[in-house]
Number of protein chains: 2
Amino acid sequence: MLDGAVGLLDEDGESALTFRALAARLGGGVGSIYWYVSSKDELLERAADHVMDQVLFESERFHGDDPIDDLRQTAMVLYGAVEHRPWLGSYFMRNSSSQPNSLRYYERVGQSVLRLGLGPRETFHAASAIIGYVIGIAADLGQQPTEEMLRGEVKRDEYLEQAADAWRALDPEEWPFLHTIADEFATHDDTDQFTSGLDLMLDGLRLQAERRARGE
Amino acid sequence: MLDGAVGLLDEDGESALTFRALAARLGGGVGSIYWYVSSKDELLERAADHVMDQVLFESERFHGDDPIDDLRQTAMVLYGAVEHRPWLGSYFMRNSSSQPNSLRYYERVGQSVLRLGLGPRETFHAASAIIGYVIGIAADLGQQPTEEMLRGEVKRDEYLEQAADAWRALDPEEWPFLHTIADEFATHDDTDQFTSGLDLMLDGLRLQAERRARGE
DNA sequence: CACTCTATCGAACAACGTTCTATATTCTCG
DNA sequence: CGAGAATATAGAACGTTGTTCGATAGAGTG
């Protein structure tokens with residue numbers, strides 16, 4: 001059932017997951033679904049944790065010497081799963097009782113942070129910040145293509161170029177930032193953008209660990 | 001009209017904003033709203049930008065010597081607005097034509113980053129990462145109180161303590177991280193958590209700027 | 001005065017989440 | 001073996017939602 005739900009979500013987006021569509025896909029009745037879940041919220045929570053099962057499996061292949069590297073790898077696996085599933089961010093780690101895999105993932109991130117030797121509070125904050133960043137940026141980047149980009153194929157470049165042109169037409173005195181980044185924006189890659197921000201945060205985390213190791 | 005929409009959202013959450021409820025609040029008819037907006041999506045986009053107007057105003061009061069300090073202040077103002085408005089994150093900066101204030105806010109963050117003297121790509125990535133973090137963590141932290149916490153008042157502490165107890169009951173060998181942070185989690189403050197993660201990212205950004213200034 | 005533009009209103013429609021009842025299948029145990 | 005409970009399925013029905021549509025009234029214009 002969760003496979004069917006995730007399938008509908010992946011193929012046609014969040015609005016495609018309806019009880020009637022899911023029942024038709026499974027060849028059953030609408031009411032039957034309610035035997036397994038008590039609401040659509042719970043269905044989405046379970047679907048989210050279903051995806052997290054695969055994320056967990058893939059992220060457990062990495063075990064390096066550097067905790068920061070492990071964190072980067074673990075975060076990127078989650079990013080890959082959320083990038084084209086904007087709904088996942090909203091239902092990730094909402095209910096710990098019905099979402100054991102999300103909790104395991106949190107634990108896994110936390111164990112890497114633990115190896116940095118910070119205090120409990122810093123450890124808690126760092127692990128939560130990393131996950132919050134991944135979820136947030138993925139939901140931001142992977143938002144639906146606004147209009148007709150579903151029909152046209154190669155439209156993404158044109159869409160970005162069009163937005164960049166609008167920025168370039170603004171007053172450079174008043175909008176220096178948008179002018180500076182217009183070229184970058186037009187040719188940017190979402191994954192690069194994500195990785196850069198992640199590295200910023202991990203650099204800050206490494207710095208914090210070093211400072212503490214030196215006893216500051 | 002946007003005041004009424006934001007009012008409904010703030011008072012009773014995202015599900016309270018319906019065309020019928022909004023029409024009743026404004027003393028008008030349901031169909032009239034469609035004269036000003038073409039869909040509920042656009043209504044929420046405009047409502048989001050309406051909130052951003054206030055965010056922009058408050059964040060423009062800060063102008064310090066240190067760009068990083070400015071970034072921290074600017075980010076915290078946005079956090080304050082999104083913290084209790086989970087819907088804002090989903091509709092922030094989706095359509096630049098109907099959301100001028102969001103674009104101005106992006107420009108403002110970007111101008112602070114510009115002062116760090118990075119290249120166009122790093123500037124673009126840094127500004128986007130900061131905003132992505134704020135939106136993501138705020139949506140994560142400010143998610144609705146799951147159950148009955150709306151009736152009871154002081155229930156938040158009990159809820160957190162209950163979750164922490166569940167973590168403490170797990171096997172410490174298998175869940176070292178959750179055991180380490182259980183106490184922190186039970187007494188944590190959302191804003192502290194947000195600030196810590198933001199400082200991690202800003203520390204990393206400062207480090208990147210210094211490295212570039214030294215010509216590495 | 002005729003006509004177009006602006007603006008408002010609420011009935012009607014299709015789709016959705018959810019509830020309910022009826023029914024079939026399997027399991028339990030005296 | 002067989003009656004009743006537990007498990008499981010199916011679909012009609014209900015209330016609510018976003019959206020469409022035609023009717024209608026005033027404002028501005030030639």
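In the text below, chain A, chain B and the rest are named by the order of the sequence lines, each starting its count at 1.
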Once you apply a heavy-atom cut-off of 4.0 Å, does A:Leu26 come out as touching a base, just sugar-phosphate, or nothing? nothing
Given atom CG of B:Leu22 and atom C1' of D:dT17, what is their separation to the nearest angstrom? 14 Å
Value in whole Å for how far the C1' atom of C:dC20 lies from CD1 of A:Ile33: 16 Å
From the options D:dG18, C:dG10, D:dT9, select the nucleotide whose nearest atom is closest to the side chain of A:Tyr36. D:dT9
Rounded distance (Å) that lies between atom P of D:dA8 and atom CE of A:Met1: 12 Å
Whole angstroms only, please: what is the OH-P distance between A:Tyr34 and C:dT21? 16 Å
So A:Gly28, base contact, sugar-phosphate only, or nothing? Heavy-atom distance under 4.0 Å. sugar-phosphate
Across the strands shown, which category fits A:Leu17 at heavy-atom distances under 4.0 angstrom: base, sugar-phosphate, nothing? sugar-phosphate
Between D:dA10 and A:Ser32, is there an OP1 or OP2 to side-chain N/O distance shorter than 4.0 Å? yes
With a 4.0 Å cut-off on heavy atoms, is B:Thr18 in touch with a base, just the backbone sugar-phosphate, or nothing at all? sugar-phosphate
Where each residue is assigned the nucleotide of DNA chain D containing its nearest heavy atom, which of B:Lys40 and A:Arg20 is assigned the position nearer the 5′ end? A:Arg20
Taking D:dT20, D:dA10, C:dT18 as options, the one with an atom nearest any side-chain atom of A:Phe19 is C:dT18
Rounded distance in Å - CD (A:Glu45) to C1' (C:dG17): 16 Å
Answer yes or no: is there an ion pair linking A:Glu161 with A:Arg168, defined by an N-O contact shorter than 4.0 Å? yes
Would you say CZ of B:Arg25 has more than 12 non-hydrogen atoms from neighbouring residues, nucleotides or ligands within 6.0 angstrom? yes
Hey, are B:Gln162 and B:Glu158 close enough side-chain-wise for a donor-acceptor pair under 3.5 Å? no
Determine yes or no for a side-chain-to-main-chain donor-acceptor pair under 3.5 angstrom, with B:Asn101 supplying the side chain and B:Val51 the backbone. no
Testing C:dT6, C:dC16, D:dA8 for proximity to the side chain of B:Trp35, the answer is C:dT6
